[in-house]
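Heavy atoms only: backbone and side chains are in, while hydrogens, waters and symmetry mates are out. Everything quoted here is computed from the prediction, not taken from an experiment. Start at 1 and go down the list; that is how both ligands and their atoms are numbered.
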Amino acid sequence: MAADHYQTLGVSRDATQEEIKKAYRKLAVQYHPDKEGGDEQKFKEIGEAYEVLGDPQKRQSYDQVGHEAYQSAQSAGGPGADPFQGFGGFGGGQQFEFDLGDMDLGDIFGSFFGGGGGQRTSRQQAQRGRDVEARVTVDFQEAVFGTEATVNLNLEDTCSRCEGSMAEPGSSTETCQTCGGQGQVVQAQRTMLGTIQHATVCPSCHGHGERPQKPCSQCGGKGTERSKHSINVKIPAGISDGATIRLRQRGEAPLAGGGAGKGDLYVHVSVRPSKQFTRQGKDIVSEATIDMIDAALGTEINVPTVDGKKRLKIPAGTQHGQTFRISGSGVPHGRGDTRGDHLVTINVSVPKKLTRKQKELLQELRKHRKKK
Ligand SMILES: [Zn+2]
Ligand SMILES: [Zn+2]
C-alpha cells in the first residue's frame with residue numbers, strides 16, 4: 001500500500017489547498033514518466049494523492065477515516081462498478097466509486113463488501129470477477145446449532161456455451177482490431193501538465209489481443225451470462241447476529257475470461273431474536289418466575305433451554321434476581337464441542353390475592369419471624 005497521501009505530496013496535514021496544489025505540480029513535473037528521470041509508479045501515487053487531497057470534500061473524509069480505511073473503501077468499488085470506467089481518469093486511470101462525504105465510519109466499513117473486485121486493478125493485473133453479497137436470516141436456535149441456508153442470486157457467471165472463451169464453439173479467433181493485438185490501448189489526455197499518455201486494457205478484447213471471429217451466440221461474445229443460482233451456505237454453529245460469511249470464488253465470473261478467478265460471495269447473517277432467550281457472548285440467558293414460598297423453602301423447576309427442558313434445583317432462601325447456571329447449554333464456541341452455559345435469572349413473585357386460610361397462615365408466620 002502506498003504511503004499516506006500527505007507524505008506522498010510532502011505536505012503537512014494542515015497544508016492549505018493552495019500548498020497542496022503547488023506541491024502536487026512540482027512533484028508531478030519532477031516524476032512525469034515522459035521525462036528523463038521520471039518514475040511512473042511515483043507519478044501515479046502523486047496523482048492518487050492529489051485526487052483525494054486536492055478535493056476539499058474528499059480530503060475531509062480521508063482525514064476522518066485515515067489512509068487505510070479510505071483506500072480499502074475506494075478499492076472495494078461499488079456494486080455494478082464498471083471496471084473500465086476509469087478509462088480517461090487521471091494518472092492511473094482510477095476513479096473513486098465512493099463519495100465518502102456523507103458517510104460515517106460505519107457506512108464505510110459496511111461498504112467494504114460492496115463488490116467490484118475489478119476496480120482495484122492496475123492495467124497489468126488480471127481482472128477478478130465481482131464480489132457479490134447476500135443476506136440470510138436464521139432463527140435463534142439455528143444460529144446456536146448451525147444450519148444450512150439457501151441464497152438465491154442472479155449473477156454473471158461463465159457462459160455455458162463458450163465456457164468463457166467468447167467464441168462460438170468451433171470458430172476461430174482473429175487479431176483484435178481495436179488494439180492491433182496489443183491487449184491495451186494508449187489514451188492521450190490533456191491535463192494542465194500537457195498531454196499525458198497512458199495505457200489501459202483494451203475494451204474490445206479485454207486484454208486478450210484476440211477476438212473471436214464469430215462471437216458466441218449465447219452470450220454475444222461476452223464470455224459470461226447472467227443466470228440464477230441457488231447457493232447453499234453452511235451457517236456455522238454459534239454464529240452471531242450481524243456476522244458475515246465469505247465464500248471464496250462464489251461471486252461473479254471475471255469479464256471475458258479474465259484470468260484472476262471469480263469474485264467472492266459475502267453472506268450477511270441476521271439472527272431472529274428469540275422470545276425466551278437472549279445471547280450474552282457464549283452464554284444464553286433467560287428468566288424464570290417462582291413464588292415467594294418456593295423461594296423461601298426451595299424447589300425444583302423446569303427451565304427451557306436450547307437443549308429442551310432442564311431440571312433446576314432452586315435452593316431454599318433464593319433471592320429475587322439471583323442467577324443460576326446450567327452448564328453446557330449455551331452457545332458452541334471455539335473448536336470442538338465447547339459450549340457456554342445457560343443462565344437463569346429468578347424473579348420472585350409475591351401473591352396479589354390471598355385466600356382467608358393463606359392470610360391466616362402468613363399472619364401466623366409473621367408472629368414467628370425473627371425480630372429485626
Ligand atoms: Zn458464450
Ligand atoms: Zn484489443
Side-chain angles (χ1 to χ4, degrees), residues 33-34 40-41 44 47 77 79-95 97 115-132 151-191 195-231 247-265:
D34 289 356
E40 193 178 346
Q41 182 57 34
K44 203 179 142 211
D82 178 349
F84 295 107
Q85 70 168 8
F87 213 71
F90 190 83
Q94 285 201 338
Q95 228 170 344
E97 262 302 289
Q119 190 73 5
R120 79 196 65 176
T121 176
S122 74
R123 66 177 184 269
Q124 293 87 354
Q125 278 172 341
Q127 307 271 343
R128 208 172 137 262
R130 281 181 197 143
D131 295 339
V132 289
V151 170
N152 291 310
L153 287 170
N154 208 358
L155 45 86
E156 201 73 19
D157 202 0
T158 309
C159 170
S160 58
R161 184 168 176 82
C162 64
E163 292 171 332
S165 76
M166 302 172 283
E168 182 69 7
S171 79
S172 55
T173 56
E174 60 185 7
T175 304
C176 172
Q177 303 282 309
T178 311
C179 62
Q182 298 300 302
Q184 57 180 34
V185 288
V186 175
Q187 293 275 301
Q189 193 199 358
R190 291 189 172 282
T191 72
T195 305
I196 294 175
Q197 297 198 326
H198 61 95
T200 55
V201 178
C202 172
S204 303
C205 65
H206 304 284
H208 290 262
E210 290 190 333
R211 295 191 63 182
Q213 221 154 24
K214 214 175 151 201
C216 166
S217 58
Q218 188 164 307
C219 63
K222 262 195 316 172
T224 59
E225 60 182 346
R226 197 155 276 276
S227 52
K228 286 198 165 70
H229 293 257
S230 281
I231 296 167
L247 290 139
R248 284 176 196 273
Q249 305 263 318
R250 297 304 295 269
E252 298 206 327
L255 269 181
K262 289 186 180 181
D264 298 333
L265 168 60

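- Judged purely by atom type and a 3.5 angstrom limit, Asp264 uses its side chain to pair as donor or acceptor with the backbone of Gln249.
- Evaluation of the salt bridge (charged side-chain N to carboxylate O under 4.0 Å, His left out) test over residues 167-186, restricted to residues two or more places apart or in two chains, returns Arg161-Glu168.
- Here the straight-line distance linking atom CD of Glu210 with atom SG of Cys202 works out to 12.0 Å at 0.5 Å rounding.
- Of all protein N, O or S atoms, those under 2.8 Å from the Zn ion (ligand 1) number 4.
- Residues Asp157 and Arg226 are not paired through a salt bridge, judged by the lack of any N-O separation under 4.0 Å between the basic side chain and the carboxylate.
- Side chains of Glu163 and Thr158: no donor on one and acceptor on the other come within 3.5 Å.
- Centred on the Zn ion (ligand 2), the SG atom of Cys179 and the SG atom of Cys176 lie at an angle of 110°, reported to 10°.
- Under a 3.5 Å cut-off, the side chain of Glu252 and the backbone N or O of Glu156 do form a donor-acceptor pair.
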